[in-house]
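A short write-up of the structure that comes next.
Proteins get letters first, then strands, A, B, ... in listed order; numbering begins at 1 in each. Hydrogens, waters and symmetry mates play no part in the numbers below; they use all other heavy atoms, side chains included.
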Amino acid sequence: MFRPTTIAVAMSGGVDSSTVAAILRAEGHNVIGLTMQLWNQRRLAGREGMPEQVTGRCCSLDDVYDARRVAEHIGIPYYVVNHEERFERDVVRPFVAEYLSGRTPIPCSLCNNHLKFDQLLTVAQQIGADCVATGHYARVEYNDAGGRWLLKRPADRSKDQTYFLFGLTQEQLSRTLFPLGGMTKPEVRERAREHGLALAEKPDSQEICFVPGGDYKRFIDAYLAERGEALPDTAGELVTASGEVIGEHPGIHNFTVGQRKGLGVATGSPLYVIQINGADKQVVVGGDAHLYSRTLHARRVNLIAMDDLREPMRVSVKIRHRHEAAPAVLEKIDADEVLVTFDQPQRAITPGQAAVFYDGDSVVGGAWIT
Amino acid sequence: MAPFAAPFLLLQAIGRGIRQKAGRILEMMRRIYLDNNATTPVLPEVLDAMRPYFGEHFGNASSIHHHGQETRAAVERARDSVASLLGCRASEIVFTSGGTESDNLAISGLTSEGDHVITSSIEHHAVLNACRHLEKMGCDVTYVLVDSRGLVGPDDVRRALRPNTRLISIMTANNETGVLQPVEEIGRIAAEADVYFHTDAVQAAAKVRIDVKKIGCDALSISGHKMHAPQGVGALYVRKGTQLQPLFHGGQHERSRRAGTENVPGIVALGKAAELAMQGFERGEDEKMSALRDRLQRGILAQVEEAAVNGEGAPRVPNTSNIYFDHIEGESMVISLDLKGLAVSTGAACSSGAIEPSHVLMAMGLRTDRARASIRFSLGKQNTAEDVDFALALVPEAVARLRELSPV
């Protein structure tokens with residue numbers, strides 16, 4: 001029997017979350033639309049190197065306007081909740097700090113862990129909602145045998161967002177709905193049209209929501225300048241894998257593992273960043289072959305499909321969002337550290353990114369690459 | 001329990017379910033509005049007074065023919081009423097589009113480049129941002145601080161005076177706390193120093209008696225929609241003989257102080273609202289309002305621990321109570337109450353509609369978490385004791401729920 005529940009939908013003003021709200025409303029649930037105000041796009045606008053006009057997508061007034069119009073159209077209460085402080089503390093500052101230590105962060109995962117499925121879930125419960133629904137492409141299932149909530153890949157593999165969701169706890173998963181998990185993007189747009197949503201054809205957003213134009217270096221400069229903090233001097237040497245100094249670089253935050261352009265040295269064969277040593281500010285470069293590695297270490301482990309890794313396990317592992325999961329053995333080597341040994345060496349394993357472990361369609365868990 | 005009670009209770013529950021369902025469909029939920037400092041409903045008498053000026057009496061008040069004469073007379077009658085409310089002459093009233101325009105007209109209109117202006121840190125954004133604009137245009141502005149009760153100290157204003165001080169702008173009543181400022185003392189300071197004194201009385205007008213002579217101000221702003229007239233009309237009192245630069249350039253309306261065809265229905269409504277306010281004072285409605293507010297405030301504080309009034313100990317307008325509830329998020333409180341049919345507010349909404357911690361409460365020295373945990377209840381003429389009871393039934397329960405689910 002259908003049991004209507006009170007569901008808070010995290011509405012970004014995009015097609016996916018708008019369609020989620022429309023579907024749940026049509027099913028007869030009590031739906032409350034919530035948009036998180038996370039970052040003031042105008043804050044850094046016009047600072048050196050930053051665009052004068054605000055065109056960023058997330059948290060822009062246009063998106064709030066779109067979300068509000070959808071809420072009005074489908075007849076649900078709608079509120080904007082302010083989480084700018086937490087977003088800055090838990091996402092923006094770590095994002096800047098990671099780059100300045102020579103790592104390549106994933107702000108979307110931090111936002112999911114600390115904002116969408118933490119703060120927003122709290123607000124949802126406070127205002128009387130039983131759970132939060134989002135427009136993520138992923139599936140949540142309860143596994144009776146294991147007694148655990150599972151996170152699974154969606155029907156539309158090309159839209160799979162499980163990589164960004166590996167940090168969800170059992171408690172969070174138990175109160176989360178991903179209504180688009182069984183649908184493809186074209187189907188979602190079709191449903192949006194059926195529900196008469198004016199934004200059914202709105203393009204997808206790709207970039208990091210608070211970094212307009214995707215230029216994170218300028219963002220870091222402008223952010224630190226606004227905070228009155230000096231950009232730490234992370235300039236140093238450009239060295240080869242054998243330790244030979246071949247040049248200098250302006251700062252480690254300008255580099256990411258696998259990067260080829262912007263090294264400022266001319267050599268016969270293509271050079272890539274193969275490692276960044278934050279401690280001695282060295283950027284290590286080498287040929288393509290140096291980028292491949294069979295192992296990785298990762299910390300701050302979150303397990304979803306089980307409560308502990310008691311013995312080594314065959315899994316497939318994604319090391320970045322657009323990476324094809326590769327077969328590997330996963331083993332616990334310390335209380336909060338795992339070792340992943342791939343069957344085949346993988347290209348450009350990047351500290352700061354997440355390693356997410358899959359058993360078929362199911363997310364076993366994940367951890368942060370060190 | 002008697003054996004026959006169970007089916008009866010079941011029927012009752014089903015009935016309740018149907019009623020709830022029907023309520024959702026028909027939007028029959030009882031809604032009580034206690035956010036009258038944001039805006040007020042237009043009173044029926046006010047609506048009746050303004051209605052003929054949309055159709056029947058449609059003339060341009062500047063026209064020389066019958067139609068123009070009709071509306072001109074109505075505008076001037078309204079001017080008389082507003083002047084009576086403020087204790088000034090009709091010729092000293094300039095009709096505007098609302099409080100923000102009145103504030104900007106006074107602040108820009110009384111200053112020029114190189115002047116010094118004194119205002120306070122708890123002003124409405126209409127004043128604060130008009131002053132920030134003056135800073136960009138080559139003026140100096142001093143923002144005097146307030147004490148923990150939200151009161152501006154007249155001595156602080158006096159100490160801020162400089163040889164080139166041209167204007168003091170301090171509000172009569174604060175919109176968030178309702179705290180009444182010592183405007184008469186500040187008026188005397190301004191007179192002694194021979195500087196202009198403007199006061200934003202948007203939240204005071206029609207709530208407390210106002211006499212511009214007693215205040216000793218040169219300019220005073222009011223807004224229609226804060227006193228049961230519609231949105232889009234307001235007025236500025238400008239003392240006779242004061243040189244005021246207009247904001248708009250156009251025709252010679254409002255004695256060349258505010259160009260633009262008069263908003264006749266709005267002005268008529270403002271005049272009517274002013275009359276009703278004066279009658280209200282005669283009937284002691286302000287005291288009744290105060291008693292209703294105190295009942296709400298006492299009722300909440302009696303049921304909820306770790307809560308207190310912001311601005312306690314300071315004189316306040318009779319309709320406002322701003323209360324902090326420790327360990328809650330005001331935003332969640334406002335949403336929870338709205339979903340149950342009670343409209344209140346917290347802080348100030350930014351352009352997206354998200355809530356930012358109140359600059360007024362922060363200026364009073366409240367911790368950020370307390371500023372965030374503060375809720376403003378503001379009554380209007382339409383509110384009844386039943387409305388207050390409705391709030392008293394919902395608020396303690398909402399606070400308890402939020403505290404139970406508080407992450408801190």
Fill in: CD on B:E331 to CD on A:Q126, rounded to 0.5 Å
9.5 Å
Fill in: Donor-acceptor contact present, side-chain B:R401 to main-chain A:I127, <3.5 Å
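Checked: no pair found.
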Fill in: Any donor-acceptor N/O pair, B:E329 side chain to A:V123 backbone, under 3.5 Å
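Side chain of B:E329 to backbone of A:V123: no pair is present.
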Practice prompt. Could you tell me which residues satisfy side chain to side chain donor-acceptor pair (under 3.5 Å) with A:R93, sequence neighbours excluded, listed by chain and number?
Written response: A:Y223, A:E229
Worksheet item: Is it the case that more than 12 heavy atoms not belonging to A:R69 sit under 6.0 Å from its CZ atom?
Response: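 Counting other residues, nucleotides and ligands, CZ of A:R69 stays at 12 neighbours or fewer.
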Worksheet entry | Over 12 foreign heavy atoms within 6.0 Å of CD, B:E135 |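 Above 12, so yes.
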Worksheet entry | CA sep, side-chain torsions, deciding dist, call: B:I335, A:V81, side-chain contact (heavy atoms from CB on, under 4.5 Å) | CA-CA 9 Å; B:I335 297 172; A:V81 289; 3.6 Å; yes
Discussion item. Does B:D338 form a side-chain contact (heavy atoms from CB on, under 4.5 Å) with A:Y79? I'd like the steps, not just the answer.
Written reply: CA-CA 10 Å; B:D338 187 43; A:Y79 306 93; 2.5 Å; yes
